[in-house]
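Values in this document were obtained by computation on a predicted structure and should not be read as measured data.
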Amino acid sequence: MKENFVSDIDGMAAGKEVVVRGWAQEIRVMKNIGFIIIRDSTGLVQATVKRDCPDFQLLEKMSRESVVSVSGIIPESIKSNVGREIITSQITVLNVSETPLLIGITDNVETDMDTRFNNRFIDLRKPEIARIFRAKSAILWGMRNYLMSNKFMEVQTPKTVSAATEGGAELFHVKYFEKDVFLNQSPQLYKEMLVASGVERVFEVGPAFRAEEHNTPRHLNEFTSIDIEMAFADHNDAMHMLENAIANGIGNFLSTVKDAESFSLLKNRPETPFPRITYRECLQILKENGYPAIHGEDLNNEALKIIGKRFEGFYFITEWPKSVRPFYTATLDEDPEYTKSYDLQFREIEITSGAQRVHNPVELKKRIEEKGLNSENFEFYLKTFRYGMPPHAGWGLGLERLAQVVLGLPNVREASLFPRDRTRVFP
RNA sequence: GCCCCGGUAGUGUAGUGGCCUAUCAUACAGGCCUGUCGAGCCUGUGACUCGGGUUCAAAUCCCGGCCGGGGCGCCA
C-alpha cells in the first residue's frame with residue numbers, strides 16, 4: 001500500500017527519504033539533469049533526476065501519464081515551481097502510457113465536452129475536473145451528516161417498479177424476465193410507505209430515471225436524487241430541513257475541500273432561512289414586469305429568470321396551485337386550490353421540489369383519480385395509509401443540479417462522472 | 001416531441017465552388033539548447049462524419065443518415 005501521498009511531503013524535513021507513486025504528468029530531460037512532474041490525487045511534486053542516478057536513462061523513453069514509483073530525498077531548498085521536490089535515487093515504471101494521449105491533460109488546448117466524456121477517465125485526471133467531484137462528495141457528506149444528526153435513517157428502495165407511477169414524467173421500459181417493468185422516476189411512494197412503517201424519518205441518495213427527450217444544460221436522464229420524508233411534519237418543517245441540510249453541505253465543502261473558495265461560485269456557507277415567495281406573489285411580479293403568466297400554469301424558464309433576479313442565491317417558491325403538483329401534495333387549509341408545496345430555486349434553476357403530503361387515504365384516492373390515474377394500480381401504496389399514517393412532508397433534490405449551481409458549472413453534465421443524456425449511454 | 005446551429009490531423013481550429021498538394025496551435029517522432037518550469041529553436045508524421053446528388057470542378061452547394069451543442073416544452 002502507498003505510504004505517502006504527494007501532499008504529505010509538505011510536512012517533511014529536508015533529508016527525509018520518501019517514495020512517491022503517481023502519474024508522470026510532465027517529463028523533461030537534459031544532458032545532465034531531468035525532471036518528472038508526478039501527480040497523484042493530492043497534488044504535484046517534481047522528481048529531480050541527476051545524471052548520476054542509475055535510472056536516469058529511464059527518463060528518455062518515459063511517456064507522459066505513465067505510472068511511476070520514485071524514491072528520493074527532500075532537498076534543503078526547493079527549486080521547483082510546483083512547490084514540492086525530491087532528489088531522485090530510484091525510478092520504477094509500474095505501467096507505461098500509450099502516446100499520444102486521447103485528450104490533453106496539461107496542454108494548452110480546449111477539448112470539446114463530447115470528446116472529454118468519451119474519454120472521461122483521462123478528463124478526470126485534470127485537477128479542475130476532479131475537484132468537481134471532491135466538491136460534490138463533500139456537499140453530500142455535509143447534507144448526510146445533517147440528516148443523520150436529525151434522526152433520519154438512510155434507506156435504499158427499488159429502482160425497478162411495475163406500472164404504477166406518480167404520473168408526469170415518461171419512464172424507461174426494462175425487460176424483467178417475463179415482465180415489463182420501469183425504472184423509477186423517484187422514490188416518492190416508497191419513502192411514504194416507510195413513514196407508515198414507523199421509521200418516521202427516512203432519506204435516500206440514489207439514481208432517478210426520466211425518459212424525457214430534453215437536450216438542455218440542466219437535464220440528465222439519470223441523476224442522483226436526495227430524497228427525504230419525515231413524519232409529524234408539515235411543509236415548513238421540511239423546508240427548514242432542506243435549507244439547513246444544504247447550508248451544512250456547502251459549509252462542509254468550503255471548509256474541507258482544498259482551495260474550495262477559488263473555484264466555487266458560492267464563497268460562503270449560505271445564510272438560513274432562505275427567502276420565500278409564494279406562487280401568487282410571483283405572478284404579481286411578472287405582471288408588474290409586463291410578462292404574461294397564466295394563473296394555474298407552471299412558471300416557464302423565462303418567468304423564473306425574472307423572479308430569480310430578485311434573489312441573491314437560493315429561494316423558495318411556495319404555495320403552488322394544485323393543478324401543477326402531483327396527486328400526493330397536500331392542499332392549503334384555507335384555500336384548497338393551492339398547496340403546501342415549494343420548489344427550491346437558484347436563479348431559474350429548480351433544485352428541489354417538495355411538499356406536505358396528503359395523509360388521508362380517502363382524499364388521496366380521490367386525488368389520484370382526479371389526475372386521471374387508476375387508483376387500483378396504487379393499492380400497494382394506498383393501503384399503507386389506512387393503518388395509521390402520520391401527517392408527513394418531504395422533498396427530492398437533484399444532487400448534480402446542486403453541484404452545478406454551487407460551483408457555477410455551465411452544464412449539469414459536468415457534475416456527473418459518466419453522464420446519461422438523450423443520446424449518451426457510454427461509457 | 002418541435003425548432004436553430006454545427007461535424008476538417010490524437011486534441012482544438014482556419015478555410016463557404018477552382019489560388020487546398022488544406023491554415024495555425026498543441027500533441028507525437030527526431031535533433032539542438034537549457035535547474036527547466038505554458039521553456040525556446042529546427043525537421044518530420046498526421047485530417048475534410050457517412051451515403052447519394054448538382055457541377056468541367058465540392059472541405060465548400062443540395063438531400064438523407066449518423067453524431068454533437070443549444071432554444072422551447074417538461075422537470076431534479
Side-chain angles (χ1 to χ4, degrees), chain A residues 25-37 44 46-51 59-61 63-65 75 77-83 85 87 97-119 122-123 166-171 185-188 205-227 242 297-305 324-326 343-346 348-354 395-405 410-413 415-416 421-424 426:
Chain A
Q25 183 172 97
E26 304 282 355
I27 300 135
R28 302 207 49 226
V29 195
M30 303 160 212
K31 266 205 188 70
N32 293 311
I33 195 164
F35 307 99
I36 315 170
I37 306 297
L44 302 175
Q46 175 176 287
T48 300
V49 190
K50 295 187 174 162
R51 189 45 133 177
L59 283 188
E60 287 166 357
K61 51 185 176 179
S63 56
R64 298 203 297 177
E65 295 303 314
S77 67
I78 290 160
K79 295 175 188 164
S80 167
N81 73 331
V82 302
E85 188 169 352
I87 306 302
S97 170
E98 292 185 13
T99 59
L101 291 167
L102 298 165
I103 59 176
I105 294 174
T106 55
D107 309 338
N108 191 24
V109 180
E110 291 283 308
T111 307
D112 286 346
M113 202 166 61
D114 188 47
T115 311
R116 289 173 40 222
F117 289 151
N118 283 336
N119 300 287
I122 294 189
D123 189 46
E166 303 158 44
E170 292 290 319
L171 303 189
Q185 68 182 101
S186 92
Q188 181 62 32
V205 181
F209 302 90
R210 307 278 165 92
E212 300 286 347
E213 296 185 14
H214 31 47
N215 186 2
T216 79
R218 60 188 178 281
H219 287 95
L220 293 165
N221 291 287
E222 176 179 344
F223 66 94
T224 309
S225 181
I226 306 179
D227 263 87
L242 176 58
E297 287 192 0
D298 222 333
L299 300 176
N300 65 28
N301 220 37
E302 200 177 342
L304 289 171
K305 276 182 185 165
V324 299
R325 303 304 280 201
D343 283 354
L344 179 71
Q345 299 279 143
F346 190 97
E348 72 274 18
I349 299 186
E350 184 181 335
I351 307 296
T352 311
S353 195
W395 41 260
L397 175 147
L399 179 58
E400 288 80 13
R401 280 201 185 165
L402 179 60
Q404 182 188 8
V405 301
N411 193 309
V412 73
R413 283 171 264 210
S416 177
D421 60 29
R422 173 68 186 84
T423 51
R424 177 176 293 282
F426 165 93

J.: Any side-chain heavy-atom pair from A:Ser353 and A:Arg325 closer than 4.5 angstrom?
T.: yes
J.: Closer to the 5' end of RNA chain B via nearest nucleotide, is it A:Lys305 or A:Glu26?
T.: A:Glu26
J.: Answer yes or no: is there a side-chain heavy-atom contact under 4.5 Å between A:Leu397 and A:Ile351?
T.: yes
J.: Please report the closest heavy-atom contact between A:Thr115 and A:Ile103, naming both atoms and the distance.
T.: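 It is CG2-CG2, 3.7 Å.
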J.: Under 4.0 angstrom, heavy atoms only, what part of the nucleic acid is A:Asn411 near: base, sugar-phosphate, or nothing?
T.: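 A:Asn411: backbone/sugar contact only, no base atoms under 4.0 Å.
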J.: So A:Ser353, base contact, sugar-phosphate only, or nothing? Heavy-atom distance under 4.0 Å.
T.: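 Sugar-phosphate contact only.
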J.: For A:Lys61, report the nucleic acid contact type (base, sugar-phosphate, nothing); a contact means any heavy atom under 4.0 Å.
T.: nothing
J.: Please measure how far the C1' atom in B:rU8 lies from the corresponding atom in B:rU49, and state the result in whole Å.
T.: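 Between the two C1' atoms, the distance is 10 Å.
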J.: Does a nitrogen or oxygen in the side chain of A:Asn119 sit under 4.0 Å from OP1 or OP2 of B:rG10?
T.: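 Answer no for this pair, as no side-chain N or O of A:Asn119 is under 4.0 Å from OP1 or OP2.
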J.: Which whole number of Å gives the distance between the C1' atom of B:rU23 and that of B:rC48?
T.: 13 Å
J.: Roughly how many Å apart are B:rG15 and B:rG7, using the P atom of each and rounding to a whole number?
T.: 11 Å
J.: What does A:Gln46 touch in the nucleic acid at a heavy-atom separation under 4.0 angstrom: a base, only the sugar-phosphate, or nothing?
T.: base
J.: Nearest whole Å is fine: how far is B:rG73 C1' from A:Leu299 CG?
T.: 14 Å
J.: Is any side-chain heavy atom of A:Met113 closer than 4.5 Å to one of A:Arg413?
T.: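 Result yes, sub-4.5 Å side-chain heavy-atom pair found.
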J.: Rounded to whole Å, please give me the gap between CG in A:Asn301 and P in B:rC75.
T.: 12 Å
J.: For A:Val29, report the nucleic acid contact type (base, sugar-phosphate, nothing); a contact means any heavy atom under 4.0 Å.
T.: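 Contact class for A:Val29: base.
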J.: How about A:Glu85 and A:Lys79: do any of their side-chain heavy atoms sit closer than 4.5 Å?
T.: yes
J.: Checking base pairs now: Watson-Crick or wobble, both atom distances under 3.5 Å. What partners B:rU60?
T.: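 Across any shown strand, B:rU60 pairs with none.
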J.: With both distances under 3.5 Å as the test, what is the Watson-Crick or G-U wobble partner of B:rC66?
T.: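 Across all strands, the one nucleotide that pairs with B:rC66 is B:rG7.
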J.: In whole angstrom, what separates A:Leu220's CG from B:rC74's P?
T.: 19 Å
J.: B:rG12 phosphate, OP1 or OP2: any side-chain N/O from A:Thr115 under 4.0 angstrom?
T.: yes
J.: Are the side chains of A:His219 and A:Val412 in touch, meaning some heavy atoms are under 4.5 Å apart?
T.: no
J.: Output yes when at least one side-chain N/O atom of A:Arg422 is less than 4.0 Å from OP1 or OP2 of B:rC67, else no.
T.: no
J.: A:Glu350 CD to B:rG73 P: how many Å, rounded?
T.: 13 Å
J.: Is a donor-acceptor contact shorter than 3.5 angstrom present between the side chain of A:Arg401 and the base of B:rC75?
T.: yes
J.: Below 4.5 Å, heavy atoms only, C-beta onward: do A:Val205 and A:Thr224 meet side chain to side chain?
T.: yes
J.: Does atom CD (A:Glu60) have a neighbourhood of more than 12 heavy atoms from anything else shown, all under 6.0 Å?
T.: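 Counting neighbours around CD of A:Glu60, more than 12 heavy atoms of other residues, nucleotides or ligands fall under 6.0 Å, so yes.
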J.: Any base atoms under 4.0 Å from A:Arg51, or only sugar-phosphate, or nothing? Heavy atoms, all strands.
T.: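 Since no nucleic acid heavy atom lies under 4.0 Å of A:Arg51, the category is nothing.
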J.: Base of B:rC75, side chain of A:His214 - is there a donor-acceptor contact under 3.5 Å?
T.: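 Absent.
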J.: Considering only the C1' atoms, how many Å lie between B:rA57 and B:rC74, rounded to the nearest integer?
T.: 50 Å
J.: Rounding to an integer number of angstrom, what distance separates B:rA25 and B:rG46 when you compare their C1' atoms?
T.: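 So the two C1' atoms sit 14 Å from each other.
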J.: Between A:Val412 and A:Asn215, who's closer to the 5' end of RNA chain B by nearest nucleotide?
T.: A:Asn215
J.: Determine: side-chain N/O of A:Arg218 to OP1/OP2 of B:rC72, distance under 4.0 Å, yes or no.
T.: yes
J.: Which is true for A:Thr216 with a 4.0 Å heavy-atom rule: it touches a base, it touches only sugar-phosphate, or it touches nothing?
T.: base
J.: Please tell me if A:Lys31 has a side-chain N or O lying less than 4.0 Å from either OP1 or OP2 of B:rC33.
T.: yes
J.: Between A:Phe35 and B:rG35, do the rings stack, that is, sit under 5.5 Å apart with planes less than 30° off each other?
T.: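 Whether judged by distance or by angle, A:Phe35 falls short somewhere, so it does not stack on the base of B:rG35.
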J.: In whole angstroms, how far is the C1' atom of B:rC2 from the CD atom of A:Glu213?
T.: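 Distance check: A:Glu213 CD to B:rC2 C1' gives 11 Å.
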J.: Among B:rU26, B:rA76, B:rU11, which nucleotide has an atom closest to any side-chain atom of A:Asp107?
T.: B:rU26
J.: Could you tell me the separation between the CG atom of A:Asp114 and the P atom of B:rG70, rounded to a whole number of Å?
T.: 11 Å
J.: Under the side chain to side chain contact (heavy atoms under 4.5 Å, CB included) test, which residues partner A:Thr106, sequence neighbours left out?
T.: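 Once residues adjacent in sequence are excluded, the partners of A:Thr106 under the side chain to side chain contact (heavy atoms under 4.5 Å, CB included) criterion are A:Gln25, A:Glu26, A:Arg64.
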J.: Does B:rC72 have a Watson-Crick or wobble partner in any strand here, with both distances under 3.5 angstrom, and which is it?
T.: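 Partner of B:rC72: B:rG1.
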J.: Rounded to whole Å, please give me the gap between CD in A:Glu110 and P in B:rU11.
T.: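 Value for this atom pair: 15 Å.
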J.: How far does the C1' atom of B:rG71 sit from the matching atom of B:rC61, given to the nearest Å?
T.: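 That atom pair is separated by 27 Å.
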J.: Across all strands shown, which nucleotide pairs with B:rG44 by Watson-Crick or G-U wobble geometry, both distances under 3.5 Å?
T.: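 When the pairing criteria are applied, B:rC28 turns out to be the nucleotide that pairs with B:rG44.
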J.: What's the gap between B:rG52 and B:rC20 when it is taken at their P atoms, as a whole Å value?
T.: 28 Å
J.: What does B:rC37 pair with, Watson-Crick or G-U, if both distances are under 3.5 Å?
T.: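 WC or wobble partner does not exist here.
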J.: Determine the contact category for A:Gly104: base if any of its heavy atoms lies under 4.0 Å from a base atom, sugar-phosphate if only primed atoms, P, OP1 or OP2 are that close, otherwise nothing.
T.: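 Touches nothing.
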J.: For B:rG73 and A:Asn300 - does any side-chain N or O of the residue sit under 4.0 Å from the phosphate oxygens OP1/OP2?
T.: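 Yes, such a contact exists.
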J.: How many whole angstroms separate atom CG of A:Asp112 from atom C1' of B:rG7?
T.: 10 Å
J.: When all nucleic acid strands are considered with a 4.0 Å heavy-atom cut-off, which category describes A:Asn81: base, sugar-phosphate, or nothing?
T.: base
J.: Output one line per pair: protein atom, nucleotide atom from nucleotides 40-48 of chain B, and distance, for all N/O pairs under 3.5 Å.
T.:
none

J.: Should A:Leu402 and A:Phe346 count as side-chain neighbours, where that means a heavy-atom distance under 4.5 Å?
T.: no
J.: List the atom of A:Ala211, the atom of A:Leu171, and the distance in Å for their closest heavy-atom pair.
T.: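 Nearest heavy atoms, A:Ala211 then A:Leu171: CB-C, 3.6 Å.
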J.: At under 4.0 Å between heavy atoms, what does A:Ile351 touch on the DNA or RNA strands: base, sugar-phosphate, or nothing?
T.: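 Result for A:Ile351 = sugar-phosphate.
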J.: Quick check on B:rA76: is either OP1 or OP2 less than 4.0 Å from any side-chain nitrogen or oxygen of A:Thr224?
T.: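 The answer is no; no side-chain N or O of A:Thr224 sits under 4.0 Å from OP1 or OP2.
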J.: In whole Å, what separates the C1' atom of B:rG17 from that of B:rC75?
T.: 47 Å
J.: Heavy atoms, side chains only, cut-off 4.5 Å: are A:Arg424 and A:Phe117 in contact?
T.: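 A side-chain contact under 4.5 Å exists here.
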J.: Could you tell me whether the side chain of A:Glu85 has a donor or acceptor atom within less than 3.5 Å of a complementary atom in the base of B:rG35?
T.: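 Answer is yes: a donor-acceptor pair is held.
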